[in-house]
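Notes follow once the structure below has been shown.
Numbers restart at 1 for each chain; the letters A, B, ... are given by sequence-line order, proteins then strands.
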There are 2 protein chains.
Amino acid sequence: MFTILSLKNGIDNVRGFYSQGINAGLKAKDNDLAFIRSDEICDISAVFTTNNFQAAPIRHFKRYPKAFKTNFILINSKNANAMTGERGIKDIDTILNELKKNIPTIQNPVMSSTGVIGYTLPKEKIISAFKKFDFNSIDSNSAAKAIMTTDTFKKELSFKVILPDGKDFYIAAICKGAGMINPAMATMLCFIITDAEIPKKDMDELLQQSVKSSFDTISVDGDTSTNDTVMLLSNAKSKAYDKEAFKTVLNALTKELSLQILKDAEGSNKVVAFEVLNAATKKEAKKAATMLSNSLLVKTALFGEDPNWGRIASTIGASGIDAEEEKLTIKYDNITVFSKGSNKMDENIEKQALKVMQQDSFKITCDLDKGSSSYTAFGCDLSYEYVKINADYRT
Amino acid sequence: MFTILSLKNGIDNVRGFYSQGINAGLKAKDNDLAFIRSDEICDISAVFTTNNFQAAPIRHFKRYPKAFKTNFILINSKNANAMTGERGIKDIDTILNELKKNIPTIQNPVMSSTGVIGYTLPKEKIISAFKKFDFNSIDSNSAAKAIMTTDTFKKELSFKVILPDGKDFYIAAICKGAGMINPAMATMLCFIITDAEIPKKDMDELLQQSVKSSFDTISVDGDTSTNDTVMLLSNAKSKAYDKEAFKTVLNALTKELSLQILKDAEGSNKVVAFEVLNAATKKEAKKAATMLSNSLLVKTALFGEDPNWGRIASTIGASGIDAEEEKLTIKYDNITVFSKGSNKMDENIEKQALKVMQQDSFKITCDLDKGSSSYTAFGCDLSYEYVKINADYRT
């Protein structure tokens, strides 16, 4: 069996990669521009937002030939370079061409942006900040900070995988997102790097399935940004690879990062798993679980720590899936509050349900007794703070 | 041409109808139980929630034969009698049978409830309150108050229609709802009565189309309750009817009441029309407009009076409908902030857009330039107050 070790210092551990974050003047003081560089050319896989209006950096990425290789990612926060049309794409070319003058070894560099929608990039600021970079720096900490927007803590993760034959590889990531977060803010970015010798085919396949079971299951506000991006880079430096091991560690990494995003959800205090059991179909299980995680009334009841299961039931009913009052059971962790059509709430159960809700993290289960399909969506509460953060984000 | 006059005193004006609201002890002090009675038997049409878990009063209603006639509606607030199974329906029978002992002329009485989900009705309280009723009372004011939940003002409307031949009829309604409001709270109820001699076929047809263009276009929180009910009763006492006139006045009545609900939306300060123009299909226009009215990020930007059109664009993009950045135009009232792919925001436009947003009510238009279908959805802002009201509703 393979062994997985969790390490500190984010993407610093992965052999052959360099990174750094600096202030380019997009934010007043904090880091706002970062790079990730590899000394070997890398395969790259990416998953992007399903929003029809994809931001310029995504459209720029897609103009490279299929299965292109790269050794450089430039990332800025504060400006999403979204809804900026052809101009936005040309700006990226200008910036990346300037960059090449600084490090001629760069091949097919990609850019990624997060921030306010609708404004062209301050090209000059970015370009004149290049001289601040030390391109041989290994500094995950500063890079992770540079990609933050309303995040209250930086998100970086690092694992070492030791295979049965003694070979090892690293996988690590920096990530941003504080909420499925808001479209004006460009939601979430995640950059995963590895030195595993993973075939490009596996990269694409494993990244896709991994995102489905991690980032795709969380919701802070049900909004989908123009900039959502998850990238996986591999420089194969370790000469080590095992598909099962890679899949396991990749899934652990994306799952943990997605829960960190939820934990950092704007103004939120709780991470809640909405588990829908025994639905007629997988699609229905997903639909109901997702509606629960997005319902304003469910979210405000979470904030109020009010075990008002009627809102859970009503949302299941409103979701339009195959469900019957007489077959439905609702639990808060292991406390049954409604069982096959009858309300189990009494003073004692209410007290126990309240105790569950007072935790930072718990599970709400709806057993539909209609089939054998299940899905779990992850959500959070809706607080005054969320409204405050989003009422006037741009200023 | 017919003439429409707007009158005071809600449903008091309609010939042959009686109504009253009293306190039955469900609420501490305020009215919580009301009746609407007709001295003639009435045709009745109804539109109910699409929630799969329909409340007991709705299931009770549906057990009457198709096209049954009635002369009595009993309405309570504070308890939705939802998710209460067969027991909830039997309770209604018990209550209505007791009522018949008080007024033997009652035929096929119906009940309607709004309030918390999951608790059986306090039958004894309701039954013992019957003696407080004066069944010959004409008191729209007290009845309209009795059906309120988190409503901050009572909702009643009354119109007189004078036909070209000099005949006239009345139509009037009482209504509750403060938000598309929450499922635990049972959303909206509306009782419309008329003395027009309207055929049952027209009642059904006109009520359906009227709800579609009024209550169905508004959203406070995107949640659909277990109890939503709109009823139309006609006693034909006026011997007057004209289909066009009736349709016009009915649509005006439901439109105005739906906007009153939005105006009274929990914690909301603004009513906003989201107009989607020139979509490829009607379905797509509706989908995009509805997503705009439900987006948390749009709603918080409305609260913050922040003309952050990027959130509007991003929501259109996320809606999955046929749209192109280069064809999209966005306006706040008549101020264009984004036009066919280019950002029109400068200091002056920003100032003007801000002015639009500072109004109590305004329109946001998204012209997709993709076809010729349009739809307008009505929404409101999301404030701290909404979170507060809903964080712990039951207490």
message: For chain A, which candidate among B/Ala55, B/Ser383, B/Ser319, B/Gly118 shows the most heavy-atom pairs at distances under 4.5 Å?
response: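 The answer is B/Gly118.
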
Heavy-atom pair count under 4.5 Å with chain A, highest-scoring of B/Arg87, B/Glu324, B/Gln54, B/Glu305: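 Going by pairs under 4.5 Å, I would pick B/Glu324.
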
Is [X] atom [atom1] crowded by more than 12 heavy atoms from other residues, nucleotides or ligands, each under 6.0 Å away?
| X | atom1 | value |
| --- | --- | --- |
| A/Glu347 | CD | no |
| A/Lys286 | NZ | no |
| B/Lys283 | NZ | no |
| A/Lys123 | NZ | yes |
| A/Lys340 | NZ | yes |
| B/Lys270 | NZ | yes |

message: So for B/Leu328, is it side chain, backbone, both, or neither that comes closer than 4.5 Å to the heavy atoms of chain A?
response: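 Just the side chain, heavy atoms under 4.5 Å.
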
message: Between B/Thr120 and chain A, with a heavy-atom cut-off of 4.5 Å, which part of the residue counts as in contact: side chain, backbone, both or neither?
response: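 Interface part for B/Thr120: neither.
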
query: Rounded to the nearest 0.5 Å, what separation is found between the OG atom of A/Ser342 and the CE atom of B/Met83?
result: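 Answer for the OG-CE pair, A/Ser342 versus B/Met83, is 10.5 Å.
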
- request: Please confirm whether the backbone N or O of A/Asp322 pairs with a side-chain atom of B/Asn52, one donor and one acceptor, at under 3.5 Å?
  value: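 Checking the backbone N and O of A/Asp322 against the side chain of B/Asn52, no donor-acceptor pair under 3.5 Å is found.
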
- prompt: Is the side chain of A/Glu325 donor-acceptor paired with the backbone N or O of B/Phe53 at a distance under 3.5 Å, no angle test?
  reply: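 No.
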
message: Taking the side chain as everything from C-beta on, heavy atoms only, tell me whether A/Leu296 gets closer than 4.5 Å to B/Leu296.
response: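 Sidechains of B/Leu296 and A/Leu296: in contact.
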
- prompt: Any idea which heavy atoms bring A/Ile117 and B/Ser314 closest together, and the distance?
  reply: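 Smallest interatomic distance, heavy atoms only, reads CD1-CB, 3.8 Å.
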
field: Whether A/Tyr384 and B/Tyr384 hold their rings parallel, tilted or perpendicular, with breakpoints at 30° and 60°
entry: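 Answer is perpendicular, since the angle exceeds 60°.
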
